[in-house]
Enquirer: 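This is the structure, below, for whatever I ask next.
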Amino acid sequence: MYNSLTRSRERFIALAPPNVGMYVCGPTVYGDPHLGHARTALAFDIVFRYLRVLGYSVRYVRNITDVGHLEDETAETGEDKILKRARLERVEPMEVVHRYTLSYHDGIRLMNCLPPSIEPTASGHIIEQIQVVERIIAAGLAYEQDGSVYFDLEKYVSSSGTAGSPYGKLSGKVFEDLLSNTRATAGSGDKRSGLDFALWKRAEPSHIMRWPSPWGEGFPGWHLECTTMSTKYLGKTFDIHGGGLDLQFPHHEAEIAQNHGAFGADPARYWLHSNMLTVKGQKMAKSLGNFITLEQMYSGESPALEQPYHPMVMRFFMLQSHYRSTVDFSNEALKAAERGYHRLMAAVEAAVRATEAVNHQAIPQGPDLEEVRQEGAHGTAVADQIEACWAAMSEDFHTPRTIAALFELGRLVQRPEHRDAPGVVRDAAARGMTGFTRQVLGLQPAAAGSAGAAGGEAGGSALETVMEMVLRLRREARERRDFATADAIRDQLAEAGIRLEDRKDGTTGWTES
RNA sequence: GGCGCCGUACCCAAGUGGUAAGGGAGAGGACUGCAAAUCCUUCAUUCGCCGGUUCGAAUCCGGCCGGCGCCUCCA
């Protein structure tokens, strides 16, 4: 995996296998979740899923920031984001937090992102955060000023104990350059230096999100929560720290400094950053007014969108580019992804249909694939593509290459000769297709069923029952060669968003889009 | 100003010095009551431009042009 710390790809070695600790910076819940949130959540959902498939036991911690994140962090003059929103909406701050936490969960759950193992909130860890501040003060790396506590960066930089972890090592910044170039240097109140950041802030009388502390009533600084909660749940040094690229500086740099100040250690061994997302070539930003929320994406109700896009289509679309590349949203690209996604799903279905009793337990690898290769050219081709999926995912979670291999595998599976291939080959192909598509990439069929000669699977919603009935009527019409009726049914279902597909074996499949 | 990224076919997008993955669209064929889907074939002698290193460069080096990001709240 690519480690931002070393700016190179490194072999992943867990600190305490088979356990892996991963901390990812989650959202500040003060507004509707948007595409950017989804991208970061998705990038680390893939990391989480793949590590689990490799056999690791992963503790995935993703925080919710519900206090302390200011509108203007550096100048420290800004209002707390949550408080501001609460004031505008005339509700309690915790109502804001609750509402947007729920919409964040809904939005990314629809994209089939797995929930993290622990999802701690900043406001739930005030006492722990105060303790971390005390440790940093005890280490001589923070100072109190008028009820606020600041991290003393100058001292940190000159301290020999942190020589191995210079400030700026993650983001490639040079402390001296920052000192002379940063706008924050000018007039920033209580701070000794413009680059110092708040660990604890004094609460003004109007500030209602406040807690008692040794320095008076106040609230924690934004960077502090991640240091505190990652240490509490994963230890002072853990395996993987993730987040959006925009958090690399100053947020993650501050985390490293805090962790050294409080615990004398680097927080994480591997730092992973997911890249930004653009809309029609430009970064999504509040100032540009080109934000697209997840709700708009799914409903199509945005000036930037020509139609709604299914969460799974969006997932597929994002996975078609690597997490460290920027990805650009345009209707043209999304529509192309929509078609490609349906095609891939059809291939998965075909792979499963081609084999009777499938052992879905595990994705074939190593020795299993050798066995498949014994079965001639077709078997070798199948094994090669499954191998390619493993190789791609093990190369910094290379989802675009994995998808490319799955398309190749899908084509093999739908060749006529596949039906006559030995059981081991068909079984391996089905397990490889479903394993990589569903388990690793988390791609699921939107909603689909099948009706016809074969009875279909257990379970069944009202829609499935109705479809069963409608398709039976249509099949009877076709048998009478009453194609006018059969085609009318097909056309009307299409208008309702249900696509029919008459298969060669006489059955009819349907997909809801 | 400092740090960094990108420019590959009509669109999206891989490409880690050895002769351009994959998807969408397009073209032709097979199959089909029709449609859809599927399968087969086809679609960049060329990787922003100009030099250099090399037996060999989309890949390495230098310069130029164009787009973007971080340094300021953003995932």
Side-chain angles (χ1 to χ4, degrees), chain A residues 7 9 24-28 30-31 33-44 69-75 78 81 168 171-174 176-178 180-184 222 242-251 273-278 281-287 291 316-317 320-322 324-330 332-344 346-347 349-350 388 392 395-396 398-408 410-418 478 481-484 486-487 490-491 494 499-504 508-509 511:
Chain A
R7 289 163 191 253
R9 226 155 35 201
V24 175
C25 291
T28 300
Y30 69 108
H34 55 69
L35 296 178
H37 293 112
R39 180 154 205 221
T40 300
L42 173 60
F44 294 100
H69 200 164
L70 306 181
E71 283 281 323
D72 189 343
E73 197 66 40
T74 302
K81 288 163 181 282
S171 55
K173 310 234 176 266
V174 179
E176 288 70 27
D177 292 349
L178 287 169
S180 51
N181 285 327
T182 309
R183 300 175 219 180
W222 173 43
L245 192 59
D246 53 344
L247 295 180
Q248 191 175 44
F249 186 90
H251 184 60
H273 291 98
S274 57
N275 212 323
M276 301 292 97
L277 166 161
T278 56
Q282 281 200 305
K283 186 190 171 182
M284 266 196 342
K286 239 159 287 173
S287 52
F291 262 86
F316 176 82
F317 172 71
Q320 267 191 310
S321 62
H322 187 83
R324 285 195 295 112
S325 312
T326 53
V327 60
D328 186 53
F329 267 68
S330 66
E332 207 180 357
L334 279 163
K335 283 185 208 162
E338 189 167 47
R339 293 218 174 82
Y341 161 74
H342 285 299
R343 215 162 88 74
L344 183 62
E349 213 190 312
E395 211 170 293
D396 199 26
H398 210 306
T399 56
R401 289 228 309 257
T402 305
I403 289 174
L406 285 172
F407 273 109
E408 297 275 15
R411 189 168 5 190
L412 291 172
V413 151
Q414 297 190 97
R415 277 187 185 158
E417 70 211 72
H418 187 69
R478 288 178 71 209
R481 302 194 71 79
D482 177 5
F483 296 121
D487 292 351
R490 183 170 62 201
D491 293 346
R499 227 157 31 85
L500 293 192
E501 179 193 326
D502 295 325
R503 304 199 189 103
K504 285 202 177 66
T508 297
T511 321

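Residue numbers begin at 1 in each chain, while the letters A, B, ... track the order of the sequences. Worth knowing before you read on, the calculation uses all heavy atoms, side chains too, and leaves out hydrogens, waters and symmetry mates.
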Enquirer: Mind checking R324(A) for me? I need base, sugar-phosphate or nothing, with any heavy atom below 4.0 Å counting as a touch.
Expert: nothing
Enquirer: What is the distance from atom NE2 of H251(A) to atom CG of D246(A), rounded to the nearest 0.5 Å?
Expert: 10.0 Å
Enquirer: Is there side-chain contact between H398(A) and H322(A), with at least one heavy-atom pair below 4.5 Å?
Expert: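 Heavy-atom side-chain distance check passes, below 4.5 Å.
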Enquirer: Among side-chain atoms of S325(A) and N275(A), is any donor-acceptor pair under 3.5 angstrom?
Expert: no
Enquirer: Heavy atoms only, 4.0 Å cut-off, all strands: where does E408(A) land among base, sugar-phosphate and nothing?
Expert: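 If one applies the 4.0 Å heavy-atom cut-off, E408(A) turns out to touch the sugar-phosphate alone, with no base involved.
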Enquirer: Which letter, B, S or -, goes with each nucleotide of nucleotides 29-38 of chain B from 5' to 3', with contact meaning a protein heavy atom under 4.0 Å?
Expert: --S-BBBBBS
Enquirer: For the P atoms, the ones on U45(B) and on C60(B), what distance do you get once it is rounded to whole angstrom?
Expert: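 Looking at atom P only, U45(B) and C60(B) are 23 Å apart.
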Enquirer: Determine the Euclidean distance between corresponding C1' atoms of C6(B) and G48(B); express it in Å to zero decimal places.
Expert: 11 Å
Enquirer: Provide the Watson-Crick or G-U wobble partner of A25(B), both distances under 3.5 Å; none if there is no partner.
Expert: none
Enquirer: Taking atom P in both C34(B) and U46(B), what distance in whole Å separates the two?
Expert: 43 Å
Enquirer: For S321(A) and P400(A), find the nucleotide of RNA chain B closest to each by heavy atoms; which residue's nucleotide sits nearer the 5' end?
Expert: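 Checking each residue's closest nucleotide, the 5'-ward one belongs to S321(A).
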Enquirer: What is the distance from CD of E332(A) to C1' of G23(B), rounded to the nearest Å?
Expert: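 From E332(A) CD to G23(B) C1': 13 Å.
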Enquirer: Of all residues at least two apart in sequence or in a different chain, which pass the salt bridge (charged side-chain N to carboxylate O under 4.0 Å, His left out) check with E501(A)?
Expert: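 With neighbours one apart ignored, the set is empty.
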Enquirer: Between M276(A) and F316(A), which residue's closest nucleotide on RNA chain B lies nearer the 5′ terminus?
Expert: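 Looking at the nearest nucleotide for each, F316(A) comes out on the 5' side.
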Enquirer: Check ring pair (Phe, Tyr, Trp, His ring centres under 6.0 Å) between F317(A) and all other residues, then give those that pass, not counting sequence neighbours.
Expert: F329(A)
Enquirer: Distance check needed: C3(B) C1' versus E176(A) CD, whole Å only.
Expert: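 To the nearest whole Å, that distance equals 15 Å.
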Enquirer: N275(A) has an atom CG; how far is it from atom C1' of C6(B), in whole Å?
Expert: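 Interatomic distance, CG of N275(A) to C1' of C6(B): 10 Å.
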Enquirer: Both distances under 3.5 Å, Watson-Crick or G-U wobble: report the partner of G4(B), or none.
Expert: C68(B)
Enquirer: Which value, in whole Å, describes the distance between the P atoms of nucleotides C65(B) and A57(B)?
Expert: 26 Å
Enquirer: With the side chain of K173(A) defined as its heavy atoms from C-beta on, choose the nearest nucleotide among G15(B), G2(B), G22(B).
Expert: G2(B)
Enquirer: Please work out if G340(A) contacts a base, only the sugar-phosphate, or nothing of the nucleic acid, heavy-atom cut-off 4.0 Å.
Expert: sugar-phosphate
Enquirer: Whole angstroms only, please: what is the CZ-P distance between F291(A) and A75(B)?
Expert: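 About 7 Å, once rounded to whole Å.
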Enquirer: Going by purine N1 to pyrimidine N3 plus the second Watson-Crick contact, or the G-U wobble pair, all under 3.5 Å, which nucleotide sits opposite A30(B)?
Expert: U38(B)
Enquirer: What distance, rounded to whole Å, do you find between the two P atoms, one in G63(B) and one in G2(B)?
Expert: 14 Å
Enquirer: Counting only side-chain N and O atoms of S325(A), is one of them less than 4.0 Å from OP1 or OP2 of A14(B)?
Expert: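 For S325(A), the contact criterion (side-chain N or O under 4.0 Å from OP1 or OP2 of A14(B)) is met.
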Enquirer: Given A75(B), G15(B), C73(B), identify the nucleotide with an atom nearest to the side chain of H37(A).
Expert: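 It is A75(B).
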Enquirer: I'd like the P distance from A58(B) over to C47(B), given in whole Å.
Expert: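 Taking atom P in both C47(B) and A58(B), they lie 7 Å apart.
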Enquirer: Expressed in whole Å, how much space separates the P atoms belonging to C12(B) and A75(B)?
Expert: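 Comparing P positions in C12(B) and A75(B) gives a spacing of 27 Å.
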Enquirer: Hunt down the Watson-Crick or G-U wobble partner of U59(B), both distances under 3.5 Å, from any strand shown, or write none.
Expert: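 Pairing partner: none.
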Enquirer: Rounded to whole Å, please give me the gap between CD in E338(A) and P in A25(B).
Expert: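 Checked: the CD to P distance equals 11 Å.
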Enquirer: Using whole Å, what does the distance between atom P of nucleotide G23(B) and atom CD1 of I403(A) come to?
Expert: 11 Å
Enquirer: Do R478(A) and T508(A) have side-chain heavy atoms sitting under 4.5 Å apart?
Expert: yes
Enquirer: With both distances kept under 3.5 Å, what pairs with C47(B), Watson-Crick or G-U wobble?
Expert: none
Enquirer: Is H34(A) touching bases, backbone alone, or none of the nucleic acid, heavy atoms closer than 4.0 Å?
Expert: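 Base contact - H34(A) has a heavy atom under 4.0 Å of at least one base atom.
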Enquirer: Can you check the distance between G66(B) and G52(B), where both ends of the measurement are the C1' atom (answer in whole Å)?
Expert: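 Going atom to atom, C1' in each nucleotide, I get 23 Å.
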Enquirer: Mind checking ring pair (Phe, Tyr, Trp, His ring centres under 6.0 Å) for H34(A) and listing every partner two or more places apart, or none if nothing turns up?
Expert: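 Expected list: H37(A), F291(A).
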Enquirer: Give the rounded distance in Å between these two atoms: NE2 of H273(A) and P of C5(B).
Expert: 15 Å
Enquirer: Under the side-chain hydrogen bond (donor to acceptor under 3.5 Å, both in side chains) rule, what pairs show up with a residue in residues 399-408 of chain A, not counting sequence neighbours?
Expert: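 Pairs touching residues 399-408 of chain A that pass the test: E395(A)-R401(A), E408(A)-R411(A).
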Enquirer: Could you state the CZ-C1' distance from F249(A) to C5(B), rounded to the nearest angstrom?
Expert: 18 Å
Enquirer: Not counting sequence neighbours, which residues clear ring pair (Phe, Tyr, Trp, His ring centres under 6.0 Å) with H418(A)? List them please.
Expert: H378(A)
